[in-house]
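Values in this document were obtained by computation on a predicted structure and should not be read as measured data. Indexing begins at 1, ligand by ligand and atom by atom, following the structure's order. All heavy atoms count here, side chains included; hydrogens, waters and symmetry mates do not.
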Amino acid sequence: MNVSDIREKFLAYFESQGATRVPSSSLVPGNDPTLLFTNSGMVQFKDVFLGQDQRPYKRATTAQRCVRAGGKHNDLENVGYTARHHTFFEMLGNFSFGDYFKREAIRYAWELLTRVYKLPAEKLWVTVYAEDDEAHDIWAKEVGVPVERIIRIGDNKGARYASDNFWQMADTGPCGPCSEIFYDHGPEVWGGPPGSPEEDGDRYIEIWNLVFMQFERYAAGEERFDTEDQAKARKAQVEAEGGIGLVSKDGAAYKLAIFRQKPLPKPCVDTGMGLERIAAVLQHVHSNYEIDLFQALIKAAARETATADLGHASLKVIADHIRACAFLIVDGVIPGNEGRGFVLRRIVRRAIRHGYKLGVRQPFFYRLVPDLAEQMGAAYPELAEARNRVADVLQAEEGRFFETIEHGMGMLDAELAALRAAGGNLLPGELAFKLHDTFGFPLDLTQDVCREHGMKVDEEAFDAAMARQREQARAAGKFKMQAALDYVGDKTRFDGYEHLLVKEARVVALYKDGT
Ligand code: ATP
Ligand code: MG
Ligand code: MG
Ligand code: MG
């Protein structure tokens, strides 16, 4: 089964269960200025889940294009290092808006995996939220999964990829337990089942997340305490009663924000399965990069970079990045120095750097667009249509970076060699800043190179150099804060995202100075 067949089987299966097939929405979320990119299937239905929008259907199914390269979900640093992460991927989903719930969602998932895709049941593991006895019993008693392969996962244990199995849209709003399905790729691959100390490995790969939106979480007050211990004691009390307490510092005092939850009158379902991950399973390969679609892109990248070793990690990165870059451009993003455009620019430059590493000295990345259109143009006519524009935008962006990359890489390589000779492992932040400022090396690109050499960038010093330049610009009276403020102005409701906005806004400000 190739990727197209797998996608089609998923959508057709849920259609046969009464779902409406809804097209993928844009990577630029139309309904949420606080979200950088569409990063899951539920984004286009957010307002429906919140009860603020109505659709003529109660069941939907989609293959949603997603990007996780910034914001709360950022998998950019995983690309090329894990078998399962991409910056761009397709999420297959089925959704119930107050219609079917937990029991049916679990049964549908199981039937699709074991009867339609014909996966061996004994290779599948499932997780449920620690307190969700209902889901546990459906899996154990109704579906018949042996209890040894049903794992209860509690709140975040702090492990790198640990999921807390409790989903929430934001601090308040719909939320509920998740149940995830994992596939065991076998003992040849290192890793342990979810919840085990070896879960960071790639043996048990998460393929499908079922979210049961069951509760509505609401703010139920704030209390202040003189000491952290007092706040924590009260938090424990609140949580013993079924509430949630978040402690934060508030001047000299400690604040406890209290949330409580009540059952949603009409529970909903939101699920997401990574198309590339299920394709790897169905094509009997371990890594997503071995599936038909990626092999075609990797071959194209090898052709354009004249690389003989098809297993070279840089080819994987380039194959990953062409998808993200092309689809972002299809959806109207153009490389720039702020917000979404800056993320796109960073991804393009990372791809070019990998091409450079393979010996390429002139624009090559844009030449992969026809190959991508061949692979994905049928499923995404908007890509087929925009292919020439996409190639033009990429070629122009590449031309600019190829003008400076040689000097920048020369400087960086020399510094890394000197560092190694001296036994150091911390690249001076001033140098990273110079690379950024003079040669257009985004910090994450320099960090990516350093990581390959087992080194790190002195980020504090980088930030300080950046701040100094900003000061100078401000002193010179050329500093235009408005663009930055516009960007930070939207009060975000997504955890962790605000931080990103602020960080990028600072970069925006620098570029506004004309440098
Ligand atoms: P992981 O723990 O492997 O990072 P996740 O828990 O972050 O995955 P979810 O947010 O639950 O992923 O997304 C639903 C599904 O989307 C996952 O089960 C997986 O199949 C797929 N998926 C998530 N992130 C990626 C990615 N970066 N590349 C490819 N597929 C992904
Ligand atoms: Mg993840
Ligand atoms: Mg996970
Ligand atoms: Mg998950």
Side-chain angles (χ1 to χ4, degrees), residues 3 6-7 10 24 27 35-43 62-95 105 109 112-113 117 119 124-129 151 153 156-169 176-183 185 191-195 199-213 269-282 286-291 293-294 316-317 319-321 323-324 327 347 494-496:
V3 166
I6 296 166
R7 185 195 295 112
F10 183 98
S24 168
L27 287 171
L35 185 62
L36 196 58
F37 299 121
T38 297
N39 57 19
S40 73
M42 64 77 61
V43 170
T62 61
Q64 174 66 50
R65 51 182 184 272
C66 295
V67 163
R68 292 192 175 183
K72 184 179 170 189
H73 287 287
N74 186 355
D75 286 330
L76 190 56
E77 309 305 327
N78 287 324
V79 172
Y81 289 90
T82 73
R84 68 184 197 279
H85 288 107
H86 305 297
T87 52
F88 171 98
F89 65 100
E90 286 180 80
M91 196 184 282
L92 302 168
N94 58 288
F95 308 90
L112 178 68
L113 292 176
Y117 289 147
L119 291 183
L124 298 171
W125 290 60
V126 299
T127 63
V128 296
Y129 181 55
I151 299 179
I153 303 273
N156 206 332
K157 301 177 306 310
R160 193 155 53 110
Y161 295 121
S163 126
D164 58 13
N165 271 39
F166 193 91
W167 179 88
Q168 56 193 88
M169 198 180 279
C178 309
S179 180
E180 295 195 316
I181 305 172
F182 288 70
Y183 183 81
H185 279 268
E199 70 174 0
D200 281 2
D202 265 341
R203 172 171 168 181
Y204 297 81
I205 289 192
E206 176 191 326
I207 52 174
W208 202 345
N209 185 357
L210 316 179
V211 180
F212 312 123
M213 291 183 203
V269 171
D270 153 32
T271 87
M273 173 158 69
L275 173 59
E276 301 77 6
R277 293 191 192 183
I278 185 66
V281 170
L282 291 170
H286 171 242
S287 162
N288 287 6
Y289 292 93
E290 293 170 70
I291 67 176
L293 186 154
F294 266 105
K316 292 182 196 163
V317 178
D320 172 88
H321 288 7
R323 299 208 311 164
F327 275 97
I347 304 175
F494 282 83
D495 262 353

Near G274 (heavy-atom distance under 4.0 Å), the atoms of ligand 1 are 16 (O), 19 (C), 20 (O), 21 (C)

Please list, in number order, the atoms of ligand 1 under 4.0 Å from a heavy atom of M91. 13 (O), 14 (C), 16 (O)

For ligand 1, note which part of R68 has a heavy atom under 4.0 Å away: side chain, backbone, both or neither. side chain

Which bit of R277 is near ligand 1, meaning a heavy atom under 4.0 Å away: side chain, backbone, both or neither? side chain

Partners of R203 by side-chain contact (heavy atoms from CB on, under 4.5 Å), sequence neighbours excluded? D184, P187, V189

Return yes or no for this condition: an N or O of I207 is under 3.5 Å from an N or O of ligand 1. yes

Does V67 form a side-chain contact (heavy atoms from CB on, under 4.5 Å) with T38? I'd like the steps, not just the answer. CA-CA 6 Å; V67 163; T38 297; over 6 Å; no

d(N165 CG, S179 OG) to nearest 0.5 Å is 7.0 Å

Who pairs with H286 by ring pair (Phe, Tyr, Trp, His ring centres under 6.0 Å), at least two apart in sequence or on another chain? H185

So if I count the atoms of ligand 1 from 1 in the order they appear, which ones are less than 4.0 Å from some heavy atom of R84? 3 (O), 28 (N), 29 (C), 30 (N)

Are W208 and F10 an aromatic pair by the rule of ring centers under 6.0 Å? yes

Which option out of W208, F89, W167 puts a heavy atom nearest to atom 30 (N) of ligand 1? F89

For the side-chain hydrogen bond (donor to acceptor under 3.5 Å, both in side chains) test, which of E276, H85, H86 pairs with N288? H86

Just give me the atom name: the N, O or S atom of E206 closest to the Mg ion (ligand 4). OE2

Please determine if N288 has a nitrogen or oxygen closer than 3.5 Å to a nitrogen or oxygen of ligand 1. no

Any chance the side chains of Q64 and S24 put a donor and an acceptor closer than 3.5 Å? yes

So, are R277 and E90 salt-bridged, with charged N and O less than 4.0 Å apart? no

Proximal heteroatom of E180 relative to the Mg ion (ligand 4) (N/O/S): OE2

Examine H86 against ligand 1 and note whether any of their N/O atoms are separated by less than 3.5 Å. yes

